[in-house]
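Written below as structure tokens is the structure these notes are about.
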Protein chains: 2
Amino acid sequence: MEHDTDRKDSRASDEVVRLLSAKIQSGEYSDGSPLPAERSLMEELGISRTVVREAVQSLSKQGLVVARPRHRPIVRKPGYEAAISALESVATHLLDNMTGVRNLFDTRIMIEAALVRQAAKEANREDIAALKSALEANRAAIADSDEFYRTDNAFHGVLYDISRNPVLPSIHKAYSTWLEPQWSQMPRLPERNEANYEAHRRIFDAILLRDPDAAEDALREHLNNAWKQVCRTFDEQP
Amino acid sequence: MEHDTDRKDSRASDEVVRLLSAKIQSGEYSDGSPLPAERSLMEELGISRTVVREAVQSLSKQGLVVARPRHRPIVRKPGYEAAISALESVATHLLDNMTGVRNLFDTRIMIEAALVRQAAKEANREDIAALKSALEANRAAIADSDEFYRTDNAFHGVLYDISRNPVLPSIHKAYSTWLEPQWSQMPRLPERNEANYEAHRRIFDAILLRDPDAAEDALREHLNNAWKQVCRTFDEQP
DNA sequence: GATTCCTTTTGGTATGACCAAATGAAATCT
DNA sequence: AGATTTCATTTGGTCATACCAAAAGGAATC
């Protein structure tokens with residue numbers, strides 16, 4: 001008879017990973033500074049370089065360190081952004097087809113719809129001020145498509161910030177990063193900028209009027225239009 | 001003068017990763033079957049075992065293969081669940097304190113609120129039927145707390161399924177997995193089950209009545225209550 | 001003070017070896 | 001014959017060593 005699952009399995013690197021990530025969180029390895037040299041760790045921990053390298057690679061995939069090819073791994077405290085970066089490699093596979101992108105974009109619509117509803121119901125003066133400021137920056141950049149892209153993104157970012165949940169800004173960054181390839185191939189037309197700015201203004205107005213339904217509608221129309229533009233760019237039927 | 005970014009950086013394993021993931025996606029390495037032995041790949045590709053192992057580890061972290069410690073890596077086609085599993089290690093770090101859990105739980109409330117709104121607006125007969133069936137299973141399990149937990153989770157899962165966006169069920173699984181530790185330590189009382197079932201019923205009724213606002217309210221109250229229970233369990237002020 | 005040049009350090013890769021667990025086939029038992 | 005045990009082989013995990021090219025750091029130079 002077999003003992004169904006042998007939980008004795010273990011990789012030596014796992015323990016090293018745990019040890020190192022503990023030292024990172026405790027601040028013993030301060031954020032931004034390089035990890036000790038592989039040979040040092042090897043000696044210090046009494047293990048082979050193989051295991052050290054394996055552990056470092058794990059940490060890298062977990063986003064706890066950034067490991068540029070021939071450089072020392074740089075420590076990066078675990079944050080929600082680190083979590084997102086851990087997803088990057090997988091996301092690449094899921095976004096190589098249009099339906100994958102669409103699925104991700106749909107979640108974005110859903111989340112931002114929820115965000116604007118929440119903003120319409122709970123935004124305080126500072127939130128409104130930040131939103132207004134972002135909107136005006138967006139307006140001022142209508143003529144400059146690159147700058148408009150930035151301010152557009154920033155405007156949406158404010159919506160995520162309003163939630164005051166640190167997870168959400170990270171998600172926004174992820175959306176920006178992963179959907180950027182689609183956006184960057186689109187033609188930048190001032191008239192499009194104008195339309196997008198108007199959409200942002202409608203969203204802002206609805207939030208100002210404390211009207212969640214109107215805010216959600218405006219947001220959905222805005223993002224659906226954006227999706228149509230993407231489809232047109234890639235010759236796909238909307 | 002520097003050439004800003006030297007794009008010459010590369011790890012030999014990266015190319016191997018690309019090659020192998022291509023063979024996986026093309027089906028040359030069929031789903032569920034083991035990857036060739038390291039020594040085979042080494043010879044076949046004319047590289048050292050070091051690089052092969054490094055590549056395999058990358059594939060593993062990307063969720064393209066599942067590599068149990070002393071077994072052959074098993075090919076697994078990339079899905080959204082693979083993406084979630086990539087987050088697991090980082091999530092652990094973020095969930096070791098109560099605020100981390102709360103932040104995650106808040107996103108859950110937000111997403112499920114959006115889901116029930118959507119369900120109230122767009123659910124079709126089959127969705128309603130699935131929801132009703134899940135609700136009845138939940139009701140039948142009020143006396144059995146373990147079974148109730150399962151059916152409770154399943155009921156919420158249906159909400160994610162209704163979106164018909166394959167990303168969301170994966171997110172549900174992630175929530176279930178990551179928040180399970182909190183739940184499992186809570187006392188299981190039939191009276192609590194009863195109350196939770198009633199909450200589910202209210203949500204269902206609101207969806208049936210096509211009333212997004214009522215559905216959202218019911219959902220929020222339900223999850224906020226759940227959170228209070230968690231807080232009480234862990235002696236934290238709500 | 002900035003630049004160039006050189007030495008050392010360090011990460012990336014290749015080899016070869018050994019062990020314990022996993023695998024698969026042969027031998028054995030029922 | 002079919003299931004079980006036994007044993008030889010394969011294979012992943014780890015270690016040790018070596019070499020190279022790039023990075024890092026410091027010394028000599030402009």
Side-chain angles (χ1 to χ4, degrees), chain A residues 1-20 23-24 29-30 32-76 89, chain B residues 1-20 23-24 29-30 32-76 89:
Chain A
M1 175 184 289
E2 300 173 352
H3 286 143
D4 58 355
T5 50
D6 293 20
R7 311 211 172 282
K8 296 298 176 186
D9 303 301
S10 69
R11 271 175 277 263
S13 61
D14 287 341
E15 197 175 348
V16 180
V17 167
R18 238 177 303 134
L19 194 151
L20 290 181
K23 288 199 173 187
I24 290 176
Y29 294 153
S30 53
S33 62
L35 223 54
E38 293 176 356
R39 289 173 174 84
S40 308
L41 289 171
M42 168 184 134
E43 236 179 284
E44 177 185 334
L45 302 178
I47 55 179
S48 72
R49 197 142 84 94
T50 309
V51 176
V52 173
R53 288 182 56 76
E54 210 169 306
V56 170
Q57 197 186 339
S58 281
L59 290 175
S60 169
K61 297 287 179 185
Q62 293 181 23
L64 288 170
V65 303
V66 294
R68 281 154 51 229
R70 284 183 177 277
H71 296 259
R72 292 275 277 284
I74 304 291
V75 172
R76 190 174 63 174
S89 52
Chain B
M1 176 185 292
E2 300 173 353
H3 286 142
D4 59 355
T5 51
D6 292 20
R7 313 213 172 281
K8 295 299 176 186
D9 302 305
S10 69
R11 271 176 276 262
S13 62
D14 288 340
E15 196 174 348
V16 180
V17 168
R18 239 177 300 136
L19 194 151
L20 290 181
K23 287 198 173 187
I24 290 176
Y29 294 152
S30 54
S33 62
L35 224 53
E38 294 176 355
R39 289 171 174 84
S40 309
L41 289 171
M42 168 185 133
E43 235 179 284
E44 178 185 333
L45 302 178
I47 55 181
S48 72
R49 195 144 85 94
T50 310
V51 175
V52 173
R53 287 182 58 76
E54 209 169 307
V56 169
Q57 197 187 338
S58 281
L59 290 175
S60 170
K61 297 287 179 188
Q62 294 182 24
L64 285 169
V65 303
V66 37
R68 280 150 55 227
R70 285 183 177 276
H71 295 261
R72 293 274 278 282
I74 304 292
V75 173
R76 187 177 67 174
S89 51

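Chain letters run A, B, ... following the sequence lines, proteins first, then strands; residues in each count from 1. Treat the numbers as computed from the prediction; the structure is a model and nothing was measured.
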Let me know the distance between [atom1] of [X] and [atom2] of [N], rounded to the nearest Å.
X: Leu35(A); N: dT10(C); atom1: CG; atom2: P; answer: 13 Å
X: Glu38(A); N: dA22(D); atom1: CD; atom2: P; answer: 17 Å
X: Arg39(A); N: dC15(D); atom1: CZ; atom2: C1'; answer: 15 Å

Inter-residue atom distance Glu15(B).CD - Leu20(B).CG, 0.5 Å rounding: 11.0 Å
How many angstroms lie between OH in Tyr29(A) and CG in Leu64(A), if you round to the nearest 0.5 Å? 13.0 Å
Give the residues of residues 65-74 of chain A touching DNA chain C, defined as any heavy atom closer than 4.0 Å, sorted by residue number. Pro69(A), Arg70(A), His71(A), Arg72(A)
What residues in residues 42-61 of chain A put a non-hydrogen atom under 4.0 Å from any atom of DNA chain C? Arg49(A), Arg53(A)
At their closest point, which heavy atom of Pro34(B) faces which heavy atom of Arg72(B), and how far apart are they? CB-CB, 3.9 Å
Any donor-acceptor pair under 3.5 Å from Arg76(A) side chain to Gly63(A) backbone: yes
Side-chain contact test, heavy atoms from C-beta onward, threshold under 4.5 Å: evaluate it for Val16(A) versus Val52(A) and give yes or no. no
Check: Arg53(B) and Glu54(A) side chains under 4.5 Å, non-hydrogen atoms: yes
Under 4.0 Å, heavy atoms only, any strand: does Arg11(B) hit a base, just the sugar-phosphate, or nothing? sugar-phosphate
Pairing residues for Arg68(B) by the salt bridge (charged side-chain N to carboxylate O under 4.0 Å, His left out) criterion, not counting sequence neighbours: none
Name the residue from Ser60(A), Ser89(A), Ser58(A) that meets the side-chain hydrogen bond (donor to acceptor under 3.5 Å, both in side chains) definition with Lys61(B). Ser58(A)
